Chemist: 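Pasting a structure below so you can have a look.
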Amino acid sequence: MFKKKKGFILSLTVASSILLAAGCSSSTGGSDSGKNKGGDKLPAVGATIYKFDDNFMSYVRRAMEAASEGKINLMLNDSQNDQAKQIEQVDTLIAKGAKSLAINLVDPKAAQTIIDKAKAKDIPVIFFNKEPDSSVLQGYEKAYYVGTTSSESGVIQGEMIAKAWEANIEKYDKNGDGKIQYVLLKGEPGHPDAEARTTFAVNTIKEKGIEVEELAMDTAMWDATKATEKMDAWIAKFNEQIEFVIANNDGMALGAIASLEKAGYFSGDKFMPVVGVDAIPEALDMIEKSKMFGTVLNDATNQGKATIDLATNAANGKDVLEGTDWTLDDSRAVRVPYVEVTIDNIQVGKDAYK
Ligand code: BGC
Ligand code: CA
């Protein structure tokens, strides 16, 4: 009996890993049948996420699944960080009868290829999280973007760093030269968020009249484990010289904190201010434990919801904004605002991710 059960569980595991390997997960619970409570057929929406194994995107995905419930048959694919694979997935989704597409590009530069495929079949496309070039988006009147204004997160992060520095200069300015000696963990090069956050964070600090010295900057591809490796190397090289850790997202901030903890930081009087972006629950927890100074809310819930709201309307042949509170800017984008989050307003982050 026990043996049998084990075999059953094993075959289930094998079945699900085959599904995973195929990069395909048939969407949300309940809508698998593709029908709503009344038994009507739900419109099919094809979606891709650049990789399921991304901290922030897992929250966006959850919000998309919740928003799809009973409204659409969401065919959601894991593109496994492979642009060629994603293009094949889009072909399959179109072949399966997707009435609209919600695409989180692997490579922002691949937008044109996706648009060409969608346009040929007159299918609307909602890109989300990785913003295509505006000129590409403008080339197809049924193409939209849901995300943020990337630069805003950099400005908010820079302002937060400047405020923190000024309020704690005695403690933070370890060598007493008045300058911030920082290391910066960058997201994926070429990703509009990574580029804008890096530039705008540093420029905003300088605009506030604070001098900075960059000890090191490198990409850790948005990833905590990669960030720990980078930070280990930087601590070995610069040790006490580092006065601030600036991370393009919380995943990398968490990775840096793991490295700092190993090196004895956050105990006794060994301290390091660390900032990130996203406000994921794991980061809020670090802020409450005083291991992270602050973050910038990147509202995964509302971005996921807006993506599905627009995709659902599009799939039903309606105006994408019908019945919603979202607005489109001149470049046909819905932009969800960023918000500074520190211990003083931590509830803002908690509410957004609950
Ligand atoms: C988020 C990152 C995430 C990336 C994925 C960014 O907006 O801040 O955490 O890894 O999007 O594209
Ligand atoms: Ca200094």
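Just follow the structure's listing: the first ligand is 1, and inside any ligand the first atom is 1. Model, not experiment: these values are computed from the prediction.
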Chemist: Before signing off on this row, confirm whether Asp278 and ligand 1 have an N or O atom pair separated by under 3.5 Å.
Modeler: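 Asp278 vs ligand 1: N/O contact under 3.5 Å present.
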Chemist: Does any N or O atom in Asn104 lie less than 3.5 angstrom from one in ligand 1, N or O only?
Modeler: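 The answer is no, given that Asn104 and ligand 1 share no N or O pair closer than 3.5 Å.
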Chemist: Would you please say whether a donor-acceptor pair under 3.5 Å links the side chains of Thr48 and Asn77?
Modeler: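 No pair is found: no donor N or O on one side chain lies under 3.5 Å from an acceptor on the other.
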Chemist: What are the protein N, O or S atoms, given as residue plus atom name, that sit under 3.0 Å from the Ca ion (ligand 2)?
Modeler: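 Hits for the Ca ion (ligand 2) below 3.0 Å: Asp173 OD1, Asn175 OD1, Asp177 OD1, Lys179 O, Gln181 OE1, Glu243 OE1, Glu243 OE2.
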Chemist: Nearest to atom 2 (C) of ligand 1 by heavy atom, Ile49, Asn249, Asn129: which?
Modeler: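 Selected option, by shortest heavy-atom distance: Asn249.
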Chemist: Can you confirm if the aromatic rings of Tyr353 and Tyr59 lie within a centre distance of less than 6.0 Å?
Modeler: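 Yes, close enough.
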Chemist: Between Phe266 and Ile257, what is the shortest heavy-atom contact and its length?
Modeler: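 Heavy-atom minimum between the residues: CE1-CG2, 3.9 Å.
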Chemist: Suppose we measure from atom 10 (O) of ligand 1 to each protein heavy atom; which comes out shortest, and what is that distance?
Modeler: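 Here the closest protein heavy atom is Asp54 OD2, 2.6 Å.
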Chemist: I need the minimum non-hydrogen distance between Val341 and Gly349, along with the two atoms involved.
Modeler: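 Looking at all heavy atoms of both residues, the shortest contact is CG2-N, 4.3 Å.
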Chemist: Counting only heavy atoms, which portion of Arg197 has something under 4.0 Å from ligand 1: side chain, backbone, both, or neither?
Modeler: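 It is the side chain that touches ligand 1; the backbone stays farther off.
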Chemist: Restricting to salt bridge (Lys or Arg N to Asp or Glu O under 4.0 Å), what partner residues turn up for Lys237, sequence neighbours left out?
Modeler: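 Checked Lys237 against salt bridge (Lys or Arg N to Asp or Glu O under 4.0 Å); zero matches.
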Chemist: Judged by modelled atom types alone, do Ser79 and Gln89 share a side-chain donor-acceptor pair under 3.5 Å?
Modeler: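 Per modelled atom types, Ser79 and Gln89 side chains form a pair under 3.5 Å.
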Chemist: Under 4.0 Å from ligand 1, counting heavy atoms only, is it the side chain of His191, its backbone, both or neither?
Modeler: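 It is the side chain that gets close, since no backbone atom is under 4.0 Å.
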Chemist: Only one of Asn302, Asp309, Thr301 passes side chain to side chain donor-acceptor pair (under 3.5 Å) with Lys305; say which it is.
Modeler: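 So, applying the side chain to side chain donor-acceptor pair (under 3.5 Å) to Lys305 and each of Asn302, Asp309, Thr301, only Asp309 qualifies.
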Chemist: Taking only heavy atoms of Tyr50 into account, list the atoms of ligand 1 that are under 4.0 Å away from them.
Modeler: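 Numbered from 1, ligand 1 contributes 5 (C), 12 (O).
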Chemist: Using distance alone, determine whether Lys130 and ligand 1 share an N or O pair under 3.5 Å.
Modeler: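 Lys130 vs ligand 1: no N/O contact under 3.5 Å.
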Chemist: Which pairs, with at least one residue in residues 105-114 and sequence neighbours excluded, count as a side-chain hydrogen bond (donor to acceptor under 3.5 Å, both in side chains)?
Modeler: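 Listed by first then second residue: Gln112-Asp116.
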Chemist: Considering only the protein, which heavy-atom contact is closest to atom 6 (C) of ligand 1, and what is its distance?
Modeler: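 Atom 6 (C) of ligand 1 sits closest to the protein heavy atom Asp193 OD2, 3.4 Å.
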Chemist: Check side-chain hydrogen bond (donor to acceptor under 3.5 Å, both in side chains) between Glu88 and all other residues, then give those that pass, not counting sequence neighbours.
Modeler: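 By the side-chain hydrogen bond (donor to acceptor under 3.5 Å, both in side chains) rule, Glu88 matches no residue at all.
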Chemist: In terms of side-chain heavy atoms, does Thr148 have a donor or acceptor partner in Arg335 at a distance below 3.5 Å?
Modeler: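 Short answer, no.
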